[in-house]
Amino acid sequence: ETIRIVRGKKSQGQKNNPEKKTSGRQPQRRSDRTVMADMERFLGQVASEVNPWASDSESNESGSTTSDSTDGNEEGVAVDDPLNRIGSQRASPAKKEADAKRLDEEHQRLQEEKERQKEEKPRRKEDKKREKQRQKRLAEREPEDQANELQMFGGVDELQRWDDAEYHMHEDEGQGVTDIGNALSACLGSGILVFPSYFRRLANELRTIDWNIPSSEIIGRADAEAVVDLTKANIASRPPWIARAEDIQETVPMESQTTDAIIGPDPADGLQFGDEKIAMIKATAMTMSHSEKLSADDFCLKLVAQRHKLVGTAGPLFVDHLYRVSSLDGWFNCDVVNEWAKHLDSISPPNTKVVQNGFFNQLRTNTKAMVNDAKKLENWWNRFLRGTRKWFKEHETRAIVLPIHIPSHWICAFVDFDRRQLAIFDSLKIMPVKDWKRSQHVKIFELIKEWLHRLFLSLNSGIDWTEWHIDPCPENQPYQVNFFDCGPHTCLLMKYLCYRQTHDIHNLDKFITPPNVKDFRFLASEDESDVEAVSRPIEQERKSPTGSPLTPILPTSPIQPVVLLRRSTRHKEE
Amino acid sequence: MSTPSGEDVKPDTSKIRIGVQFNGQYMHSSVSTPLLFSYDWTEVFFLYKKTKPLAKLLIMFCERIKVDRKNIRFNYEGVNISREETTAEDLEMEDGDVIDGQLWQEGGSFER
């Protein structure tokens, strides 16, 4: 029922604030009397209006009698345009003069500005000259003055430290370089070390270091052709993929004392770090392809497979991926993480499962897309759980490791059925919140919970989440120091979490440190040796200390599911 | 159809329905040239032989939605289909199963 308003403005159809909303509003209602009055006024105006065309013909009659009658379009004939005439009639002479004055003033002002700009240009040139002279003077100053200025920044000595020729490394720096070098040599395996061009300034230091590598030689200039020629010559006598330093010395004219030439090309040559390395790899690729009839790209796959230990067989890794992995600030791709996960899954103990990146991606995208279609979603869940039941066994799988990709970031989720822990390891320390419902990864937690809940339902059992410890920021978690190391962080985390059921791994931050993460880029060790070096295997009967929240009591027998949801409901129905 | 010799050609029972779906989300090619990518949810079903390599089907799907094959990774039950020789039999696929497509992902630090 509509309410009729009797008094006030609203009775006439006007709203409170007519300017607020114009569209969709009803026009103002007007009474018949006002409409009629307006109409009469309009008609009166029309009647009193002078017809311009009528007056036109009258004025033209006097002129047109003398001249021949034409269209009026020829030259010299004044065409009387009514529109022009109306305009001229309206503008009063006083106003015209005022307009003309104003235009003149503006014109003058513009001209003055132009002149000013013209005057300023030569001034700028003079300024430039002065600056050049000042710089010259600065360059020609005496060194004492320079030293006085430099003292502001910590003195001359500190700045001279950065000279290319006389650079002195700190001991730790030297150690780091040797570590990386050794890793590289082991990675390439052929006893050849390739150094990036920015190590050139370390020539003096590198000469003194004992490299601890048998039959190794430092090669800087990655001459692809030279290496290829050299190995071509030795194919007959030796296996082609081993290019020894002796052979290089035989074929390539190189003296071991000229270390300047050995370490790296000039940056001016145009070769960058990545190009140099890839050139080197491609060179060896050529030699391999001679023997096994492979293309260079195929070889790269194989090289990655053998040396980097990321892949067992020729997978989908290409030169780009190798570059991503081996360059110090490269971002990891989904392929790299997937291959690593596949590899870990093959070597991990049978009670842990490492899924690939696509697993969680599938969960997230499908549930998001089918929110509105309940029947379709249920159908999809059934299919998805059928897939997970292939590898998930209720009493055998004790842990699941999930690498997860969120926009331009890698994180690692971990489900531990023994300790009843669901944790997410995020290497970026942004907001350490202990309550998982307030953390930034709430949706991930909820999705994993829903998945596990449905999985256990399909196995005719259930999960009691009240006994579980859901942890958005686990203790002793390693954090990245920069903005590009989250890929190797997750890869290393996946590896150590794999062995968490069999080994005593609690303080992750002690053995995932920035140098270790850097090493991972060059040499990814696949064995348990790393894990065993750090921690000892757990004895089955021994109970872990009960103090810390991360290590609750380990059950001796596999946990029986606590709540049997389906069965209990059935009993109630009966 | 019947051949002139009279033997009836058997209907091909080895074909199954395979769905491929793709939901483009985001892509950052690199730090220097960040790219944003968005694509609507698409799902296409193909009749395909069990013993035929899946690579051809995936290329067909990419041509249909006009996205470069290099930019998409395909998963079945969370496992990446990396090899070109993989068939539906290898993956133990059944009729009406769906392969998930995703853009290739990259991660280093945080969302920019």
Side-chain angles (χ1 to χ4, degrees), chain A residues 311 313-318 320 324 329-339 341-342 345 355-366 368-370 376 379-380 383-384 386-388 390-391 402-411 427-428 430 480 482-487 489-490, chain B residues 17-43 55 58 69-86 90-112:
Chain A
V311 215
T313 54
L317 291 187
F318 293 103
D320 175 45
R324 277 167 184 288
D329 59 345
W331 283 24
F332 270 27
N333 203 353
C334 59
D335 298 337
V336 179
V337 177
N338 272 342
E339 288 302 315
K342 201 191 286 178
D345 192 30
V355 297
Q356 291 184 11
N357 161 44
F359 183 81
F360 187 79
N361 215 14
Q362 227 171 331
L363 254 178
R364 179 170 45 195
T365 52
N366 282 291
K368 200 176 177 185
M370 300 176 191
K376 205 177 174 186
N379 198 5
W380 177 83
R383 281 182 186 278
F384 187 71
R386 194 194 65 207
T388 49
K390 282 178 187 173
W391 52 262
L402 305 115
I404 295 171
H405 181 264
I406 56 176
S408 51
H409 189 37
W410 289 106
I411 55 177
S427 58
L428 256 188
I430 297 172
Q480 66 189 89
N482 40 39
F483 291 121
F484 40 77
D485 262 350
C486 81
H489 257 101
T490 44
Chain B
R17 269 186 325 129
I18 297 174
V20 188
Q21 60 178 225
F22 174 65
N23 186 21
Q25 288 168 319
Y26 38 72
M27 185 169 74
H28 298 276
S29 65
S30 70
V31 181
S32 58
T33 58
L35 265 177
L36 283 172
F37 189 94
S38 67
Y39 203 88
D40 293 336
W41 180 268
T42 50
E43 192 174 17
L58 301 178
R69 171 74 180 85
K70 287 174 189 171
N71 291 336
I72 310 185
R73 303 283 179 275
F74 289 102
N75 303 308
Y76 176 67
E77 288 173 352
V79 181
N80 194 11
I81 303 172
S82 57
R83 287 188 168 194
E84 290 191 348
E85 305 94 53
T86 46
D90 297 340
L91 299 170
E92 302 175 10
M93 287 180 82
E94 291 176 13
D95 189 52
D97 276 355
V98 181
I99 295 171
D100 269 79
Q102 71 185 58
L103 280 169
W104 70 274
Q105 294 162 331
E106 186 190 40
S109 62
F110 57 88
E111 190 174 8
R112 57 186 71 239

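Only a predicted model underlies this, so the values are computations on that prediction, with no experimental measurement involved. Order of the sequence lines fixes the chain letters, A, B, ..., with proteins taken first and strands second; residue numbering starts at 1 for each chain.
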N75(B) CG to N338(A) CG distance, which is reported to the nearest 0.5 Å:
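These two atoms lie 7.0 Å from each other.
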Between [X] and [Y], is any side-chain donor less than 3.5 angstrom from a side-chain acceptor?
X       : Y       : result
N361(A) : Q102(B) : yes
N357(A) : Q105(B) : yes
Q356(A) : N80(B)  : no

Heavy-atom cut-off 4.5 Å, strictly under: side chain, backbone, both or neither for L91(B) against chain A?
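For L91(B), backbone heavy atoms alone lie under 4.5 Å from chain A.
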Below 4.5 Å from any heavy atom of chain A, which atoms of E92(B) appear? Answer side chain, backbone, both or neither.
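It is both, since atoms from each part get that close.
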Could you report the tightest heavy-atom contact between R73(B) and N333(A), atom names first, then the distance?
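Of all heavy-atom pairs spanning R73(B) and N333(A), the closest is NH2-ND2, 4.4 Å.
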Considering all heavy atoms, the nearest W410(A)-E106(B) contact
NE1-C, 4.1 Å
With heavy-atom distances below 4.5 Å as the criterion, would you say the side chains of R386(A) and E77(B) are in contact?
yes
Would you please test Q362(A) and D100(B) for side chain to side chain donor-acceptor pair (under 3.5 Å) and show each step?
CA-CA 7 Å; Q362(A) 227 171 331; D100(B) 269 79; 3.1 Å; yes
